[in-house]
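Comments concern the structure below.
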There are 2 protein chains.
Amino acid sequence: MSKNCRFAVAVHIAAVLALSGDEPATSEWIAGSVNTNPVVIRRLLSALSKAGLVRSLRGSAGGSLLARPPERITLLDIARAVEEDEGPALHHQPPNPACPVGRGIQPVLVRVIDRAEAAREAVLGTTLLSEVVTQIRAEAMG
Amino acid sequence: MSKNCRFAVAVHIAAVLALSGDEPATSEWIAGSVNTNPVVIRRLLSALSKAGLVRSLRGSAGGSLLARPPERITLLDIARAVEEDEGPALHHQPPNPACPVGRGIQPVLVRVIDRAEAAREAVLGTTLLSEVVTQIRAEAMG
DNA sequence: GCGAAACGTAATCTCATCAGTTACAGTTTA
DNA sequence: TAAACTGTAACTGATGAGATTACGTTTCGC
Ligand code: FES
Ligand code: FES
């Protein structure tokens with residue numbers, strides 16, 4: 001596919017945890033489901049844990065659990081947890097201040113890109129993990 | 001800054017063309033303004049040209065012009081022209097079909113990501129290049 | 001206690017992408 | 001014809017991400 005599977009895989013992880021309920025899921029089990037390496041899963045679990053979405057139990061018989069019910073986790077929570085916060089994508093080199101465009105463009109671009117990003121986040125913020133799990137179940141059965 | 005300056009630089013280019021009006025702007029002049037290499041500019045001009053937003057005149061005294069007035073170019077036009085069309089960012093490896101989540105998650109993710117992307121594009125689609133140029137002028141003066 | 005089973009994290013490898021650059025062939029005008 | 005452009009192709013170097021290996025730490029069951 002394309003880059004930044006982080007979000008996709010993080011939702012995948014959250015869905016697995018939602019379905020396994022009280023049973024802690026190990027990174028190795030989740031990795032088998034996602035079809036990747038357990039360390040990749042642990043790295044994302046670590047980010048989700050720092051965001052307070054997931055609890056991890058160490059030691060034998062350990063694993064991970066959702067920190068709160070899937071009705072209270074939005075996809076925006078997940079995206080914020082695992083997508084590193086890049087400021088808006090602007091010029092590599094600062095533009096030439098001798099040119100009127102170079103002098104004035106950056107704040108204008110930041111405003112527009114921020115508004116566009118806010119619109120995207122509004123959609124993710126109103127999508128609950130529980131809804132996603134329901135839809136996944138429907139797809140998997142159908 | 002961060003990656004994918006393509007959009008930022010493309011808007012920069014379009015703004016310069018809008019301000020230079022009927023005078024064809026050379027890639028070298030634009031590059032001086034953006035503070036980068038002329039070939040980077042020509043690559044983006046080529047993409048803008050394929051999208052019908054820009055006309056380029058070859059030969060001596062050549063250069064580039066907007067193909068239509070800035071009131072009829074949206075930032076979405078520019079974004080579509082220069083951002084390569086990646087399908088939504090999903091798993092690298094196909095998920096494990098033996099797991100219910102793996103079996104059902106992909107279409108659900110595609111729907112959500114597409115809706116979020118549509119919201120972002122709606123904002124860009126209602127922002128005109130002419131508005132951006134006006135704001136740039138205000139920033140550069142103020 | 002001991003050992004097996006997990007997590008947490010650092011280090012490395014590989015691969016893709018992209019900006020930047022050089023080079024050069026084709027086009028147009030003076 | 002010479003100068004000034006555009007349009008690409010090819011190469012380089014930096015950056016970022018996933019995959020993998022490795023190892024220290026924590027915890028449970030016996
Ligand atoms: S600074 Fe980007 S074109 Fe003038
Ligand atoms: S966790 Fe991705 S396929 Fe089951």
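Quick note on labels: first sequence line is chain A, next is B, and so on, each numbered from 1.
Closest contact between the side chain of B/Cys5 and the listed nucleotides C/dA19, D/dA19, D/dG18 involves C/dA19. Taking every side-chain heavy atom of A/Val40 into account, D/dT20 is the closest of D/dT6, D/dT20, C/dA23. With distances taken from any side-chain atom of B/Arg58 to the nucleotides C/dT27, D/dA22, C/dG20, the minimum falls on C/dT27. Among the nucleotides D/dT6, D/dA19, C/dT22, the one closest to any side-chain atom of B/Val39 is C/dT22.
For D/dG29, neither phosphate oxygen OP1 nor OP2 lies less than 4.0 angstrom from any side-chain nitrogen or oxygen of A/Ser60. For B/Ser56 and D/dG7, the shortest distance from a side-chain N or O to OP1 or OP2 is below 4.0 Å. The phosphate of D/dG7 (OP1 or OP2) has no side-chain N or O of B/Arg42 nearer than 4.0 angstrom.
Across all strands, B/Thr36 comes closer than 4.0 Å only to sugar-phosphate atoms, never to a base (heavy-atom distances). Residue B/Leu57 is classed as a sugar-phosphate contact, given heavy-atom separations below 4.0 Å to backbone atoms only.
Remark: P of C/dC7 and NZ of A/Lys50 are 16 Å apart, rounded to the nearest angstrom. For B/Leu45 and D/dC5, the CG to P distance is 14 Å, given to the nearest whole Å. We find that CD1 of A/Ile13 is positioned 13 Å from C1' of D/dG18, with the value rounded to whole Å. We find that CG of A/Leu65 is positioned 13 Å from C1' of C/dA6, with the value rounded to whole Å. Summarising the geometry, the separation between CD on A/Glu23 and P on C/dA6 is reported as 12 Å, rounded to the nearest angstrom. The CG-C1' distance, from B/Leu44 to C/dC18, rounds to 11 Å in whole Å. With rounding to whole Å, A/Gln93 atom CD is found 14 Å from C/dC18 atom C1'. In this entry the distance linking CZ of A/Arg55 with P of D/dT26 reads 19 Å, nearest Å.
If B/Ser46 and B/Glu28 are placed on DNA chain D by their nearest nucleotide, the residue sitting closer to the 5' end is B/Glu28. Between A/Gly59 and A/Arg43, it is A/Gly59 whose nearest contact on DNA chain C lies nearer the 5' terminus. Checking A/Asn37 against A/Ala61, the closest nucleotide of DNA chain D that is more toward the 5' end is the one next to A/Asn37.
Here B/Glu131 pairs with nothing under the side chain to side chain donor-acceptor pair (under 3.5 Å) rule; sequence neighbours left out.
Salt bridge annotation for B/Arg115-B/Glu121: absent, with no cationic side-chain nitrogen under 4.0 angstrom from a carboxylate oxygen. The pair A/Arg111-B/Glu139 counts as a salt bridge, with a side-chain nitrogen and a carboxylate oxygen less than 4.0 angstrom apart.
Proximity of a side-chain donor or acceptor of B/Arg120 to a complementary backbone N or O of A/Glu117 within less than 3.5 Å is not detected. B/Asn96 places a side-chain N or O within 3.5 Å of a backbone atom of A/Gly32 that can act as its donor or acceptor partner.
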